[in-house]
Amino acid sequence: MIKKFLDLGYQPLANKYLKSYKKLSIKKKELYRLTVGFNTKTKLVSLFNKIPDKIMFDNNYPYKSSMSKTMTDSFKKLSVKIKKKFNPKLFLEIGSNDGALIKNFDKNKVICVEPCSNLAKITRGKGYFTYNNYWDLNLSNKIKSKFNTVDTIYSANTLTHINDLNKVFESISNLLTQDGILIIEDPSFLECIKKLSYDQFYNEHIYIFSALSVKKLIHEFDLELFDIEKLDTHGGSLRYFIKRINNNKIKIKKTVSKQISTELKFGLANFMTYKKFGISVKKSKNDLIKIFKKIKNKNKKIIGYGATAKACTVLNYCNIGNETIDYFVDTTPDKSNRFIPGKNIKIKRYKKTLLDNVDYIYLGAWNFKNEIFKKEKQFIKKNGKFITHVPRPKII
């Protein structure tokens with residue numbers, strides 16, 4: 001049974017940045033009700049309203065992993081570990097994006113799967129064999145007929161975007177060798193609750209994983225967790241290492257039972273924990289609105305930093321628009337001169353001069369706070385302030 005615990009109102013597709021000022025319509029299916037529920041049986045957190053993949057992920061997907069030093073550094077470290085520990089003969093990445101991870105691997109040992117053609121074009125251009133397809137059983141069989149089986153499959157921040165998770169893991173199990181390894185990483189719902197980061201929810205994020213839910217989910221396909229790593233990326237993520245249950249060559253590490261025990265102690269198996277989270281989100285919304293109103297009443301200038309999907313959720317939920325935030329700065333070229341969907345705040349290509357005469361900056365990319373603070377020492381030195389809503393609304 002799925003019980004609702006959070007309602008973030010009508011939200012646009014967070015990564016569909018507008019070319020011009022536009023008022024979005026519910027009737028035209030440009031806005032979707034974003035409600036979140038907890039499955040008391042599977043312990044999985046998911047959106048009620050699931051939008052078809054082809055509407056969300058098209059030929060102009062704006063997010064590129066390589067634009068973030070935090071992500072490229074994380075992927076480089078991971079690639080060293082994978083090669084040293086597992087020495088893959090054939091490495092498959094589901095959701096290869098612009099190749100931030102696979103660039104660290106031998107081109108002859110990699111298969112990329114990327115449904116967004118603008119990103120698939122990038123990895124192909126780098127010489128990597130790339131399927132410009134959505135991940136499903138048909139593609140799994142297609143790869144199997146060409147390459148037989150794959151001994152290492154990896155996916156970061158992608159599987160939770162796919163509606164039918166059972167088909168996802170069936171397709172993986174179909175292709176993975178008997179002693180093969182599956183590695184997935186996604187935002188941790190435990191960290192989401194701790195940080196009150198409700199902006200992890202947007203229409204593209206159909207699910208938010210916990211170790212509890214992953215364990216139950218993969219067991220249906222004779223797969224099990226054998227290791228878990230905690231990551232700082234995306235506001236707190238977990239990296240799950242998975243093997244076949246009958247593979248006795250690999251021993252299960254204590255990190256698995258430790259993470260599950262932590263989640264149980266925190267109450268992730270109980271609906272009341274989620275209900276309390278929903279109540280805290282409403283308070284966070286009200287507190288953030290108060291901060292913005294107080295600053296604007298003093299005629300201070302506010303801009304946004306990082307026109308992220310996360311920021312889109314917060315701004316639409318809290319009804320904060322271009323009357324409050326003058327513009328956003330972002331380093332992603334594909335977002336330049338576009339507008340935040342739903343709130344019509346202009347996005348400008350980042351340059352330091354855009355921070356001149358600015359009093360406050362709203363951290364749209366709060367999960368890259370340390371990276372941003374290092375970069376903007378001059379702004380801080382001039383007594384510039386940052387606004388964040390994580391873990392609670394405050395001025396830094």
Side-chain angles (χ1 to χ4, degrees), residues 42 44 46 50-59 61 65 78 82 86-99 101-102 105-117 119-124 128-186 204-207 209 213-226 239-247 250:
T42 65
L44 188 62
S46 66
K50 299 177 179 71
I51 300 160
D53 297 341
K54 290 178 182 178
I55 294 176
M56 296 188 288
F57 306 104
D58 56 17
N59 302 337
Y61 196 68
S65 301
L78 175 62
I82 289 172
F86 305 116
N87 189 27
K89 293 173 185 174
L90 191 57
F91 181 85
L92 169 72
E93 182 174 14
I94 302 169
S96 49
N97 200 265
D98 64 347
L101 172 69
I102 54 99
F105 289 87
D106 184 339
K107 289 173 184 164
N108 298 316
K109 294 182 177 181
V110 171
I111 304 167
C112 300
V113 174
E114 177 50 61
C116 301
S117 59
L119 299 174
K121 189 178 178 181
I122 294 171
T123 52
R124 280 176 179 163
Y128 289 92
F129 191 92
T130 306
Y131 286 96
N132 182 203
N133 298 88
Y134 292 93
W135 178 253
D136 58 19
L137 192 56
N138 287 335
L139 180 59
S140 177
N141 284 326
K142 189 176 180 181
I143 296 170
K144 195 173 185 177
S145 66
K146 185 176 178 67
F147 296 97
N148 193 12
T149 51
V150 177
D151 62 342
T152 310
I153 299 176
Y154 174 80
S155 188
N157 311 301
T158 298
L159 301 188
T160 51
H161 296 180
I162 305 173
N163 193 347
D164 193 336
L165 286 177
N166 286 324
K167 288 292 182 187
V168 165
F169 287 102
E170 180 188 357
S171 306
I172 288 169
S173 184
N174 174 59
L175 191 59
L176 195 66
T177 58
Q178 286 304 307
D179 58 353
I181 302 300
L182 168 64
I183 307 166
I184 60 174
E185 61 182 78
D186 282 279
E204 289 93 329
H205 271 192
I206 300 172
Y207 304 97
F209 286 157
S213 61
V214 171
K215 182 185 177 183
K216 286 180 178 290
L217 187 62
I218 64 175
H219 190 267
E220 300 294 318
F221 303 95
D222 296 321
L223 299 168
E224 65 182 354
L225 295 164
F226 71 86
R239 180 178 288 150
Y240 305 94
F241 294 83
I242 299 165
K243 67 178 182 70
R244 293 192 185 276
I245 290 173
N246 62 5
N247 179 1
I250 299 173

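Computation of the quantities below employed the complete heavy-atom set of this structure, encompassing side-chain atoms and omitting hydrogens, waters and symmetry-equivalent molecules.
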Is a side-chain donor or acceptor of [X] paired with a backbone partner of [Y] at a separation under 3.5 angstrom?
{"X": "T160", "Y": "T158", "answer": "no"}
{"X": "S145", "Y": "K142", "answer": "yes"}
{"X": "N132", "Y": "P115", "answer": "yes"}
{"X": "T130", "Y": "Y128", "answer": "yes"}
{"X": "D106", "Y": "N108", "answer": "yes"}
{"X": "K243", "Y": "N247", "answer": "yes"}
{"X": "R244", "Y": "S173", "answer": "yes"}
{"X": "E114", "Y": "N97", "answer": "yes"}

- Query: Tell me the salt bridge (Lys or Arg N to Asp or Glu O under 4.0 Å) pairs involving residues 165-175, sequence neighbours left out?
  - Reply: K167-E170
Do you know which two heavy atoms are closest between [X] and [Y], and how far apart they sit?
{"X": "F86", "Y": "I183", "answer": "CE1-CD1, 4.3 Å"}
{"X": "S171", "Y": "D136", "answer": "OG-C, 3.2 Å"}
{"X": "N157", "Y": "D186", "answer": "CA-OD1, 3.2 Å"}
{"X": "T177", "Y": "D151", "answer": "OG1-CA, 3.5 Å"}

- Task: Could you give me the CA-CA distance, side-chain angles and deciding distance for I94 and L159, then say whether side chain to side chain contact (heavy atoms under 4.5 Å, CB included) is met?
- Result: CA-CA 8 Å; I94 302 169; L159 301 188; 4.2 Å; yes
Could you give the distance from [atom1] ([X]) to [atom2] ([Y]), rounded to the nearest 0.5 Å?
{"X": "S140", "Y": "I153", "atom1": "OG", "atom2": "CD1", "answer": "7.0 Å"}
{"X": "K144", "Y": "L137", "atom1": "NZ", "atom2": "CG", "answer": "9.0 Å"}
{"X": "I102", "Y": "S65", "atom1": "CD1", "atom2": "OG", "answer": "11.0 Å"}
{"X": "H205", "Y": "H161", "atom1": "NE2", "atom2": "NE2", "answer": "3.5 Å"}
{"X": "R124", "Y": "S117", "atom1": "CZ", "atom2": "OG", "answer": "9.0 Å"}
{"X": "L139", "Y": "N141", "atom1": "CG", "atom2": "CG", "answer": "9.0 Å"}

- Message: Parallel, tilted or perpendicular, judged at 30° and 60°: which one describes the rings of F91 and F105?
- Response: parallel
- Query: Taking it one step at a time, do F221 and N174 satisfy side chain to side chain contact (heavy atoms under 4.5 Å, CB included)?
  - Reply: CA-CA 10 Å; F221 303 95; N174 174 59; over 6 Å; no
- What pairs of residues pass the ring pair (Phe, Tyr, Trp, His ring centres under 6.0 Å) test when at least one of them lies in residues 133-160, not counting sequence neighbours? F129-F147
Minimum side-chain heavy-atom gap [X]-[Y] below 4.5 Å:
{"X": "I51", "Y": "I206", "value": "no"}
{"X": "N138", "Y": "N133", "value": "no"}
{"X": "L175", "Y": "I143", "value": "yes"}
{"X": "L90", "Y": "T152", "value": "no"}
{"X": "L223", "Y": "I245", "value": "no"}
{"X": "F57", "Y": "E204", "value": "yes"}
{"X": "I218", "Y": "L225", "value": "yes"}
{"X": "L78", "Y": "R239", "value": "yes"}

- Does a sphere of radius 6.0 Å around NZ in K50 hold more than 12 heavy atoms from other residues, nucleotides or ligands, not counting ones at 6.0 Å or beyond? yes
- Thinking salt bridges, do E224 and K215 make one under a 4.0 Å N-O criterion? no
- Task: Apply side chain to side chain contact (heavy atoms under 4.5 Å, CB included) to the pair F241 and I250, showing each step before the final yes or no.
- Result: CA-CA 11 Å; F241 294 83; I250 299 173; over 6 Å; no
- Quick one: do the N246 and D222 side chains pair a donor with an acceptor below 3.5 Å? no
- Item | Side-chain donor-acceptor pair present, S96, T123, cut-off under 3.5 Å | no
- Could you walk me through whether V150 and I111 pass side chain to side chain contact (heavy atoms under 4.5 Å, CB included), step by step? CA-CA 9 Å; V150 177; I111 304 167; 4.3 Å; yes
